[in-house]
Amino acid sequence: MRKTLISIFTLSILTMFFWNCKEEKAISESEFEQTVFYEIFPAILDSIYYEKRLAPPPPPPPEFFQKEEYKNDIDKGIQDYKQTDKYKNDIKKWERKKDSLERDNALIYLVISDSIGGFEKYKIDLNRLKSNNEKFKFKYRSEFPNGREFWRTEYDFFIAAIIQFGGIIFDKTKNSGVLNGGYNMGILNGSGFKIFIKKNDNGKWIIDKIEGTWIS
C-alpha cells in the first residue's frame, strides 16, 4: 500500500511538472509572437497604409475610349484626356486638397481588430502599438457598429481604415515568419496581404516582402 501511494504521488508530481512545462512553453511562444508583432507593426503600417483622401483623379470614363482613334491606342486616349479642361480642373482641385491635407494636423484614426487570430489567440494592446506617423491613433473594432453600419455611421473624427491580422507562423529557427493582414477603407473597398518577415543580421525584424491575397 505504501509503495502504491508513493508511486501515485510520484506520478502526480511528474504530471504536474509536465503540464507546467508545457504551459510555460506555450506562454513563452505566445509572448515571443507578441514581441515580434509589436516590433514589426510600424513597418507593416508604413507598407499597407493608404491615404484614400489623396487618391488622384480617376481615369477617363469608358465611353471616352469609344472614339475610333482610341480603340487600338489606349495610351493616346489617356494622353489626350489629360489635355481636357475637365482633367486639368480635377488635377488643380486634387493638388489643393493634397496640400491642405499635408498641412492638416488632425488625427487619423485606424480601427484595429481586438485580437490576433491563430493557434494562440491574444488581445492586442493598443498602448503597445507604435507608428512612424504622429497623426495616427488606434481604436478597437469592438467600439464601433458591426457590418456596413460601421461605414454608414458619421463620426466626429476621420477613420482611415479597419485593419486586422492573423497570427504569425514562424519557421523552425524563428528567424522568419509570415502573417496575413487585411486593410479595409470602406464597403467593397479593401485588400488583403500575406506579409513575410525576417530577422536581419542585426537581430531586428524587418519586412521581407508583401504579396496581395484579395481585393474588393
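Atoms considered below: every heavy atom in the structure, side chains included; atoms not considered: hydrogens, waters and symmetry mates.
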Enquirer: What about Tyr183 and Ile187, same hydrophobic cluster or not, with Ile/Leu/Val/Met/Phe/Trp/Tyr joined at side-chain heavy-atom distances under 4.5 Å?
Expert: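 No: no chain of side-chain contacts under 4.5 Å links Tyr183 to Ile187.
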Enquirer: Using residues 149-167 as the side-chain source, report each donor-acceptor pair under 3.5 Å to any protein atom, sequence neighbours left out, with the distance given to one decimal.
Expert:
from	atom 1	to	atom 2	distance (Å)
Thr153	OG1	Glu149	O	2.6
Tyr155	OH	Phe150	O	2.7

Enquirer: Which residues pass the side chain to side chain contact (heavy atoms under 4.5 Å, CB included) test with Pro56, not counting sequence neighbours?
Expert: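 Listed in chain order: Tyr50, Trp94.
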Enquirer: Crowded around Glu63 CD? As in, over 12 foreign heavy atoms under 6.0 Å?
Expert: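 Counting neighbours around CD of Glu63, more than 12 heavy atoms of other residues, nucleotides or ligands fall under 6.0 Å, so yes.
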Enquirer: I'd like to check Pro57 versus Ile91 (side-chain heavy atoms, cut-off strictly below 4.5 Å). Are they in contact?
Expert: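 Contact flag for Pro57/Ile91 side chains = yes.
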Enquirer: Who are the salt bridge (Lys or Arg N to Asp or Glu O under 4.0 Å) partners of Lys198, not counting sequence neighbours?
Expert: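 So Lys198 forms a salt bridge (Lys or Arg N to Asp or Glu O under 4.0 Å) with Asp208.
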Enquirer: Please round to the nearest 0.5 Å and tell me the distance separating atom CD1 of Ile48 and atom CD1 of Ile207.
Expert: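 Going from the CD1 atom of Ile48 to the CD1 atom of Ile207 covers 8.5 Å.
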Enquirer: Regarding Ser30 and Gln34, do their side chains bring together a donor and an acceptor under 3.5 Å, going by distance alone?
Expert: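 Per modelled atom types, Ser30 and Gln34 side chains form a pair under 3.5 Å.
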Enquirer: Would you indicate whether the side-chain heavy atoms of Leu110 and Tyr49 approach each other to under 4.5 Å?
Expert: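 Answer yes - side chains close enough.
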Enquirer: Taking the side chain as everything from C-beta on, heavy atoms only, tell me whether Tyr87 gets closer than 4.5 Å to Ile78.
Expert: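 No - every pair of side-chain heavy atoms lies 4.5 Å or more apart.
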Enquirer: Hey, what else clusters with Ile169 if you join Ile, Leu, Val, Met, Phe, Trp, Tyr whenever side-chain heavy atoms sit under 4.5 Å?
Expert: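 ILVMFWY cluster around Ile169 also holds Val178, Phe196.
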Enquirer: Just to verify, what does Asp171 make a salt bridge (Lys or Arg N to Asp or Glu O under 4.0 Å) with, not counting sequence neighbours?
Expert: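 Counting only residues at least two positions away or on another chain, Asp171 forms no salt bridge (Lys or Arg N to Asp or Glu O under 4.0 Å).
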Enquirer: Listed by chain and number, what are the side chain to side chain contact (heavy atoms under 4.5 Å, CB included) partners of Gln83, not counting sequence neighbours?
Expert: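 Once residues adjacent in sequence are excluded, the partners of Gln83 under the side chain to side chain contact (heavy atoms under 4.5 Å, CB included) criterion are Lys88.
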Enquirer: Using the rule salt bridge (charged side-chain N to carboxylate O under 4.0 Å, His left out), only one of Arg141, Lys123, Lys139 pairs with Asp114; which is it?
Expert: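 Single salt bridge (charged side-chain N to carboxylate O under 4.0 Å, His left out) partner of Asp114 among Arg141, Lys123, Lys139: Lys123.
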Enquirer: Is Phe144 reachable from Leu107 through a run of I, L, V, M, F, W or Y residues, each pair having side-chain heavy atoms under 4.5 Å apart?
Expert: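 Same cluster.
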Enquirer: Using side chain to side chain contact (heavy atoms under 4.5 Å, CB included) as the criterion, list what pairs up with Asp104, not counting sequence neighbours.
Expert: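 Scan of Asp104 (side chain to side chain contact (heavy atoms under 4.5 Å, CB included), adjacent residues dropped) gives Ala106.
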Enquirer: Rounded to the nearest 0.5 Å, what separation is found between the NZ atom of Lys97 and the CG atom of Asp90?
Expert: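 These two atoms lie 11.5 Å from each other.
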Enquirer: Do Phe193 and Glu211 have side-chain heavy atoms sitting under 4.5 Å apart?
Expert: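 They are not in side-chain contact.
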Enquirer: So how far is it from Ile112 CD1 to Glu143 CD, rounded to the nearest 0.5 Å?
Expert: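 Ile112 atom CD1 to Glu143 atom CD measures 11.0 Å (nearest 0.5 Å).
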Enquirer: What do the steps show when you test Lys67 against Glu69 for salt bridge (charged side-chain N to carboxylate O under 4.0 Å, His left out), and what is the final call?
Expert: CA-CA 6 Å; Lys67 297 178 182 179; Glu69 59 183 310; 5.3 Å; no
Enquirer: Among all residues two or more places apart in sequence or in another chain, which pass the salt bridge (Lys or Arg N to Asp or Glu O under 4.0 Å) test with Asp80?
Expert: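 Only Lys76 meet the salt bridge (Lys or Arg N to Asp or Glu O under 4.0 Å) criterion with Asp80.
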Enquirer: Applying side chain to side chain contact (heavy atoms under 4.5 Å, CB included), name anything that partners Asn72, two or more places apart in sequence or on another chain.
Expert: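 Checked Asn72 against side chain to side chain contact (heavy atoms under 4.5 Å, CB included); zero matches.
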Enquirer: Can you tell me how far CH2 of Trp214 sits from OG of Ser191, rounded to the nearest 0.5 angstrom?
Expert: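 That separation rounds to 6.0 Å.
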Enquirer: Is it the case that over 12 heavy atoms from other parts of the model lie below 6.0 angstrom from the CD1 atom of Ile74?
Expert: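 Not buried by this count: 12 neighbours or fewer within 6.0 Å.
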Enquirer: Out of curiosity, Ile197 CD1 to Ile210 CD1, how far, rounded to the nearest 0.5 Å?
Expert: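 Nearest 0.5 Å value for the CD1-CD1 distance: 10.5 Å.
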Enquirer: Side-chain contact test, heavy atoms from C-beta onward, threshold under 4.5 Å: evaluate it for Glu51 versus Ile108 and give yes or no.
Expert: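 Yes. Closest side-chain heavy atoms under 4.5 Å.
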Enquirer: Holding to ring-ring contact (aromatic ring centres under 6.0 Å, His included), I want the full list of residues that pass it with Phe64, two or more places apart in sequence or in another chain.
Expert: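 Once residues adjacent in sequence are excluded, the partners of Phe64 under the ring-ring contact (aromatic ring centres under 6.0 Å, His included) criterion are Tyr70, Tyr81.
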Enquirer: Check the surroundings of atom NZ in Lys204: do more than 12 heavy atoms from other residues, nucleotides or ligands lie under 6.0 Å from it?
Expert: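 Atom NZ in Lys204 is not packed in, count stays at 12 or less.
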Enquirer: Short question: side chain of Thr35, backbone of Glu31 - any donor-acceptor pair under 3.5 Å?
Expert: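 A pair under 3.5 Å: yes.
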Enquirer: Using atom types as modelled, flag every donor-acceptor pair under 3.5 Å from a side chain in residues 37-47 to any protein atom, sequence neighbours excluded.
Expert:
from	atom 1	to	atom 2	distance (Å)
Tyr38	OH	Asp125	N	2.8
Glu39	OE2	Trp205	N	2.8
Asp46	OD2	Asn132	ND2	2.5
Ser47	OG	Ala43	O	3.0

Enquirer: Please give me the minimum heavy-atom distance between Phe136 and Ser131, naming the atom from each residue.
Expert: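 Minimum heavy-atom separation between Phe136 and Ser131: CD1-OG, 3.0 Å.
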Enquirer: Looking only at non-hydrogen atoms, find the nearest pair between Glu33 and Ile116 and report the distance.
Expert: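 Shortest heavy-atom separation between Glu33 and Ile116 comes out as OE2-CG2, 4.1 Å.
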Enquirer: Just jot down the salt bridge (Lys or Arg N to Asp or Glu O under 4.0 Å) partners of Glu95, sequence neighbours excluded, or say none.
Expert: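 Residues passing salt bridge (Lys or Arg N to Asp or Glu O under 4.0 Å) with Glu95: none at all.
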Enquirer: Write down the atom of Asn105, the atom of Lys135, and the distance for their closest heavy-atom approach.
Expert: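 Closest approach of Asn105 to Lys135, heavy atoms only: CA-CE, 4.2 Å.
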Enquirer: Does Ser113 form a side chain to side chain contact (heavy atoms under 4.5 Å, CB included) with Ile124? I'd like the steps, not just the answer.
Expert: CA-CA 8 Å; Ser113 55; Ile124 293 176; 4.3 Å; yes
